[in-house]
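Presented below is the structure to which this report refers.
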There are 2 protein chains.
Amino acid sequence: MSTEPRKYKPGKIREHNSQKILEAAECEFVKHGYKGTSMQSIADAAELPKANVHYYFKSKAKLYNAVLGDILQRWNEVLADMSEEGDPAETLENYIRAKVDLSIRFPQASKIFATEIIQGAPNLKEHIRTDLRHWVRSKTKIIESWIDQGKMTPVDPEHLIFMIWSTTQHYADFETQVLTITNKLEYEQEDVKKISDFLCHMILTGCGLKPTTSLA
Amino acid sequence: MSTEPRKYKPGKIREHNSQKILEAAECEFVKHGYKGTSMQSIADAAELPKANVHYYFKSKAKLYNAVLGDILQRWNEVLADMSEEGDPAETLENYIRAKVDLSIRFPQASKIFATEIIQGAPNLKEHIRTDLRHWVRSKTKIIESWIDQGKMTPVDPEHLIFMIWSTTQHYADFETQVLTITNKLEYEQEDVKKISDFLCHMILTGCGLKPTTSLA
DNA sequence: GTCTATACAAGGATAGAC
DNA sequence: GTCTATCCTTGTATAGAC
């Protein structure tokens with residue numbers, strides 16, 4: 001009877017539940033870290049029995065790695081297409097704005113990534129040593145070529161990248177501190193613009209470049 | 001017999017053990033977060049029985065708060081004496097160098113502080129809302145007065161402070177990532193100088209100021 | 001595919017011997 | 001003051017009913 005006219009397609013429920021679990025897990029891992037998070041609390045947040053979480057993700061470690069994978073994927077969408085022929089000011093500004101945007105929109109992702117690295121990157125060390133290092137190498141080469149072409153002030157390209165990462169991600173990771181100090185409940189559109197404009201001004205000026213937007 | 005000629009003064013052992021526990025706890029809390037750290041692992045790291053840790057610090061929560069207190073105290077040693085009459089370039093440069101120095105020397109303190117804020121600052125919200133906010137207010141006033149005096153470019157003082165915090169603390173919190181990408185095992189003296197020089201150049205230039213040290 | 005019931009280990013905390 | 005033995009809770013994981 002109830003087996004013939006299915007309300008949902010076979011994989012539909014699975015997909016839906018998996019997604020709910022992943023979102024709940026992301027939220028819990030942010031608040032208590034990997035070891036500090038229990039499968040029970042994830043199940044509660046996902047409104048599913050604990051055994052269900054195990055059924056879908058086998059173990060806590062596998063679930064955590066699934067969450068990390070999701071985050072890295074989102075991260076990789078902002079890979080900044082730089083080229084030696086491109087304009088440094090425009091390229092850097094685009095990258096900074098994209099990173100700020102990502103930090104404001106997905107602070108949780110940034111927070112889990114940060115926690116993972118703070119704790120010594122036990123699950124990401126390989127990714128950093130290979131993928132991320134290569135990405136940085138390719139970008140520093142382009143920045144060096146810009147410098148050789150006299151397009152910008154000679155600054156250390158690696159530290160420039162670290163500066164962009166640290167300043168943009170700060171608004172996600174230290175969200176609580178920033179909002180509390182500025183006496184706000186959440187970021188507004190104008191805050192995002194102000195932050196991006198400020199960071200573009202500071203970083204581009206430091207590189208001897210002229211930001212397209214001036215400060216208020 | 002053994003009660004008369006004491007080898008150590010009464011409070012001596014207590015002080016020594018407390019210190020050992022605090023150091024061990026700091027180390028464990030960095031690696032696994034508050035909830036993820038067990039009293040057993042702290043006791044093991046301090047080379048004492050578990051019950052001893054409870055004897056000295058009553059509960060895990062109290063021990064964690066003791067660790068946080070220690071960190072805040074160290075933090076407050078770098079309060080940067082700014083004044084409206086002072087020189088912006090010199091003042092900012094001193095502050096940046098002091099912060100980099102602290103990050104390199106005590107990365108663990110920075111990491112615990114970062115983890116605490118990432119998780120929503122459950123134990124530090126009050127401190128941020130009162131002490132830290134007041135500190136920031138007093139500094140922004142001074143920076144604003146520098147701007148009014150035409151001593152520097154008009155940039156948002158709050159975001160300037162956030163930039164100094166984020167860029168300097170990055171070298172502590174994201175130590176693992178920075179070292180892995182730059183293919184190093186640990187920071188060397190010349191790295192510290194390079195980082196400080198770079199940050200001073202970028203931040204001061206962005207403020208329309210001239211760093212005392214030029215880039216290589 | 002879903003969930004209840006349960007096995008078994010680990011964690012926080014304390015009583016009480018030394 | 002120090003530490004062993006123990007209590008009770010919570011955690012991960014799974015077996016087996018539905």
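Naming convention: chains lettered A, B, ... in sequence-line order (proteins, then strands); numbering from 1 in each chain.
- Contact check of residues 59-71 of chain A against DNA chain C (heavy atom, cut-off under 4.0 Å) returns no residues at all.
- For the pair B:K12 and B:E15, the salt-bridge criterion is not met [side-chain N within less than 4.0 Å of a carboxylate O].
- Atom CG of B:D81 is surrounded by 12 or fewer heavy atoms from other residues, nucleotides or ligands within 6.0 Å.
- Rounded to an integer number of Å, the gap from A:Q40 CD to D:dT12 P is 9 Å.
- Counting all heavy atoms, side chain and backbone alike, A:D191 lies closest to A:E186 at OD2-O, 4.1 Å.
- Regarding A:E28, its CD atom lies at a distance of 14 Å from the C1' atom of D:dG11, rounded to whole Å.
- Contact annotation: A:H54 side-chain N/O to D:dT14 OP1/OP2 distance is not under 4.0 Å.
- Going from atom NE2 of A:H16 over to atom P of C:dG1 covers 15 Å, rounded to whole Å.
- A salt bridge links B:K31 with B:E28: the closest approach of a Lys/Arg side-chain nitrogen to an acidic carboxylate oxygen falls below 4.0 angstrom.
- One interatomic measurement links the two molecules: OH of B:Y56 to P of C:dT14, which rounds to 17 Å at whole-angstrom precision.
- In this structure, A:I13 places its CD1 atom 10 Å from C1' of C:dT2, rounding to the nearest Å.
- The distance between atom CZ of A:F57 and atom C1' of C:dG1, rounded to the nearest whole Å, is 16 Å.
- Stacking of B:R74 on the aromatic ring of B:F106 is recorded, both the 6.0 Å distance cut-off and the 45° axial limit being met.
- Here C:dA10 presents its P atom at 14 Å from NE2 of B:H32, a figure rounded to the nearest Å.
- The aromatic ring centroids of A:Y171 and B:H159 lie less than 6.0 Å from each other.
- B:H170 pairs with exactly one of B:V178, B:V100, B:I195 by the side chain to side chain contact (heavy atoms under 4.5 Å, CB included) rule, that one being B:V178.
- Applying the 6.0 Å contact sphere to NZ of B:K58 captures no more than 12 heavy atoms from other residues, nucleotides or ligands.
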Under 3.5 Å between N/O atoms: give me all the protein pairs with nucleotides 3-10 of chain D, atom names plus distance.
{"unit_1": "D:dC3", "atom_1": "OP2", "unit_2": "B:N52", "atom_2": "ND2", "d": "2.5"}

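- At whole-Å resolution of the value, CD in B:E15 and P in D:dG1 are 12 Å apart.
- Every pair passing side-chain hydrogen bond (donor to acceptor under 3.5 Å, both in side chains) that includes a residue from residues 62-72 of chain B is listed here, sequence neighbours excluded: B:Y64-B:E116.
- Among the protein residues, A:T37 comes within range of the sugar-phosphate backbone only, with heavy atoms under 4.0 Å from sugar or phosphate atoms but none that close to a base.
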